[in-house]
Amino acid sequence: MNILELKKVCKIYEGTVSYQALDDMDFTVKSGEFIGVMGPSGSGKSTLLNVISTNDFPTSGQVFLLNQDLHRLSEDSLAQFRRSNLGFVFQDFNLMDSLTIRENILLPLALEGTRFSTMNQALQKIAMQLGLTEILERFPYEISGGQAQRVAIARAIIHRPSLLLADEPTGNLDSRASHDVLNVLEQMNQDFGVTILMVTHDPIVASHCHRVIFIKDGRIYNEMYRGANQQAFYQEILNVLSLLGGARYDF
Ligand SMILES: Nc1ncnc2c1ncn2[C@@H]1O[C@H](COP(=O)(O)OP(=O)(O)O)[C@@H](O)[C@H]1O
Ligand SMILES: [Mg+2]
């Protein structure tokens, strides 16, 4: 089943000089997929995620999530639809400094008015799976970057969204913490069937995805599926990245 479908999506930023950040993007994501999005800096990756998350609107074209034409929903139904179907994770974690880890994770459920016992059950479960049980009473400044990103992931998926959007979730982490975060994402994908669309610069991280989409100048440049051999997939990713132009590539 297709969970997400983009049809001829264009995004032009108007200004003194207008800039076309997305140019006729067409692609579909099937339920349960774990997809990596790669491309040089400025190629339109964040714009793509923003248009899918409805944080921004396309200049033309359509975005269907679960067969709903997102940008044609009324403001109220869109807010509700987003809250129940989408989760977001960003490079800089975006945790609330004045709230404990427990409160941060529960925020989306609390905003929906979920019953306390239901929230608590969901929290215990997710905290255990993501290895956060010991740090629930701490504040964001009392935990490591890797832990902070796992908290952000817990917050993003505690309401069981259909699609998790992650914009360079390992971009601010060292390789060990990246690895932990990647493990958690893989586990969420495999064990809970969370569909994930993740922007990453890291070819190792990307080699864990089922499919990698390469973007250049707002267009799909290439797309590759991983076979059984992750090492071979990693090598293929490196090859495409070098063709894409290493000079503009910001690691
Ligand atoms: N709000 C904006 N206004 C004008 N131009 C923008 C805006 N956001 C992004 N851009 C431009 O659109 C292009 C794509 O940006 P972005 O999607 O952030 O790229 P990426 O995430 O791949 O690095 C860049 O050239 C960027 O400067
Ligand atoms: Mg970006």
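Both counts, for ligands and for their atoms, begin at 1 and track the order of listing. We're numbering straight along the sequence, starting at 1. Worth knowing before you read on, the calculation uses all heavy atoms, side chains too, and leaves out hydrogens, waters and symmetry mates.
- At least one heavy atom of Gly44 lies less than 4.0 angstrom from ligand 1.
- Of the candidates Asn50, Asp56, Thr59, Asp23, Lys11 forms a side-chain hydrogen bond (donor to acceptor under 3.5 Å, both in side chains) with just one, namely Asp56.
- For atom 26 (C) of ligand 1, no protein heavy-atom neighbour is present inside the 4.0 Å cut-off.
- In this structure, Pro40 counts as a contact residue of ligand 1, since one of its heavy atoms falls inside 4.0 Å of the ligand.
- In the hydrophobic clustering, Phe57 connects to no other residue, as no ILVMFWY side-chain heavy atoms lie under 4.5 Å from its own.
- Within the 3.5 Å criterion, the main-chain N or O of His210 finds no donor-acceptor partner in the side chain of Glu33.
- Between the side chain of Lys45 and the backbone N or O of Ile215 there is no donor-acceptor pair closer than 3.5 Å.
- In this structure, the protein non-hydrogen atom closest to atom 23 (O) of ligand 1 is Gly42 N, 2.7 Å.
- With 2.8 Å as the limit, Thr47 does not count as an N, O or S neighbour of the Mg ion (ligand 2).
- Counting atoms of ligand 1 from 1 in the listed order, those under 4.0 Å from a heavy atom of Ala21 are 12 (O).
- The ligand atoms of ligand 1 that sit less than 4.0 angstrom from a heavy atom of Ser41 are 23 (O).
- Regarding atom 1 (N) of ligand 1, its nearest protein heavy-atom neighbour is Tyr13 CE2, 3.6 Å.
- For atom 19 (O) of ligand 1, a protein non-hydrogen atom is found at a distance below 4.0 Å.
- Every heavy atom of Gly39 sits 4.0 Å or more from the atoms of ligand 1.
- Partners of Arg176 by side-chain contact (heavy atoms from CB on, under 4.5 Å), not counting sequence neighbours, listed by chain and number: Asp174.
- The N/O atoms of Leu48, backbone and side chain alike, include none that comes under 3.5 Å of an N/O atom in ligand 1.
- Two residues are said to be in side-chain contact when any heavy atoms from C-beta on lie closer than 4.5 Å; Val199 and Ser46 fail this criterion.
- Among protein heavy atoms, atom 17 (O) of ligand 1 sits closest to Thr47 OG1, 2.5 Å.
- Between Phe139 and Asp97, the closest side-chain pair of non-hydrogen atoms is not below 4.5 Å.
- Within a 6.0 Å sphere centred on CD of Gln124, other residues, nucleotides and ligands contribute more than 12 heavy atoms.
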